[in-house]
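See below for the structure under consideration.
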Amino acid sequence: MNKLLFAATCAVALAAAPALAADYEAGKKKAAEVCAACHGEDGTKPLTPETPILAGQYADYLAHSLEAYKKGARQNPLMSPMAQPLTDEEIRNLALYYSRQKALQVKY
Ligand code: HEC
């Protein structure tokens, strides 16, 4: 490959990387402010059997679910209004945060 083109491609890739990196602490803060009310602290103890455990779920799955609620592909009267105001960055941060929590077995 042309060396100049290769260098330019690398520069673009590096410049784009930070924009896609998720911020764990920002996700943790948002989760405590908004999501914990229903999904429980750390996403481990949801308040009702209809509310899924988020802790330990794959980040990709969480982000995909939040995008689906946001766009209306997945609809739920409780969850849809929670996802709609989230930015792409907040979705990535929240997905990272919950994916790193250890899931607990819940008994109802
Ligand atoms: C008012 C209660 C409530 C709040 C607040 C809430 N959720 Fe939910 N969430 C639910 C319910 C109920 C479901 C299950 C909906 C369904 O059956 O589709 C759900 C589903 C989800 C799912 C899908 C999980 C799966 O296994 O498919 C994700 C991801 C999620 N919530 C993330 C969040 C995040 C992130 C926040 C904070 C921004 C949040 N939720 C705030 C009630 C809530």
Side-chain angles (χ1 to χ4, degrees):
M1 193 199 295
N2 176 323
K3 276 186 190 155
L4 192 61
L5 181 63
F6 180 70
T9 307
C10 290
V12 168
L14 285 172
L20 291 174
D23 182 339
Y24 178 89
E25 288 303 324
K28 182 178 180 178
K29 187 163 176 279
K30 188 83 181 174
E33 285 168 6
V34 184
C35 324
C38 295
H39 291 278
E41 194 187 342
D42 304 340
T44 52
K45 296 187 198 78
L47 301 195
T48 68
E50 292 77 27
T51 313
I53 295 170
L54 304 179
Q57 182 56 270
Y58 292 114
D60 279 357
Y61 174 81
L62 293 170
H64 183 78
S65 301
L66 289 169
E67 279 155 18
Y69 286 119
K70 186 176 168 169
K71 291 177 188 149
R74 189 170 168 182
Q75 294 182 358
N76 178 267
L78 292 174
M79 193 50 217
S80 298
M82 297 299 144
Q84 267 140 25
L86 298 176
T87 64
D88 291 351
E89 189 180 1
E90 286 172 328
I91 286 178
R92 282 197 298 273
N93 297 344
L94 286 160
L96 176 68
Y97 170 71
Y98 282 120
S99 71
R100 291 207 184 150
Q101 306 312 305
K102 193 168 163 39
L104 301 177
Q105 200 65 43
V106 184
K107 291 199 179 79
Y108 291 103

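Treat the numbers as computed from the prediction; the structure is a model and nothing was measured. Atoms considered below: every heavy atom in the structure, side chains included; atoms not considered: hydrogens, waters and symmetry mates. As the structure lists them, so they are numbered: ligands from 1, and atoms in each ligand from 1.
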*asked:* Nearest 0.5 Å, please: how far is NZ in Lys28 from CG in Leu94?
replied: 13.5 Å
*Out of Gln84, Met79, Arg92, which residue meets the side chain to side chain contact (heavy atoms under 4.5 Å, CB included) rule with Leu66?*
Met79
*asked:* Is any side-chain heavy atom of Tyr97 closer than 4.5 Å to one of Asp42?
replied: yes
Does ligand 1 have any N/O atom under 3.5 Å from a protein N/O, and what are those pairs and their distances?
from	atom 1	to	atom 2	distance (Å)
ligand 1	7 (N)	His39	NE2	2.8
ligand 1	9 (N)	His39	NE2	2.8
ligand 1	18 (O)	Tyr69	OH	2.6
ligand 1	18 (O)	Arg74	NH2	3.3
ligand 1	27 (O)	Tyr61	OH	2.5
ligand 1	27 (O)	Arg74	NH1	2.8
ligand 1	27 (O)	Arg74	NH2	3.1
ligand 1	31 (N)	His39	NE2	2.9
ligand 1	40 (N)	His39	NE2	2.8

_Main chain of Thr87, side chain of Glu90: is a donor-acceptor contact present, judged purely on distance under 3.5 Å?_
yes
*Are Glu41 and Lys45 close enough for a salt bridge, meaning some N to O gap below 4.0 Å?*
no
*So if you build clusters from Ile, Leu, Val, Met, Phe, Trp, Tyr with side-chain heavy-atom gaps below 4.5 Å, do Leu96 and Tyr61 land together?*
no
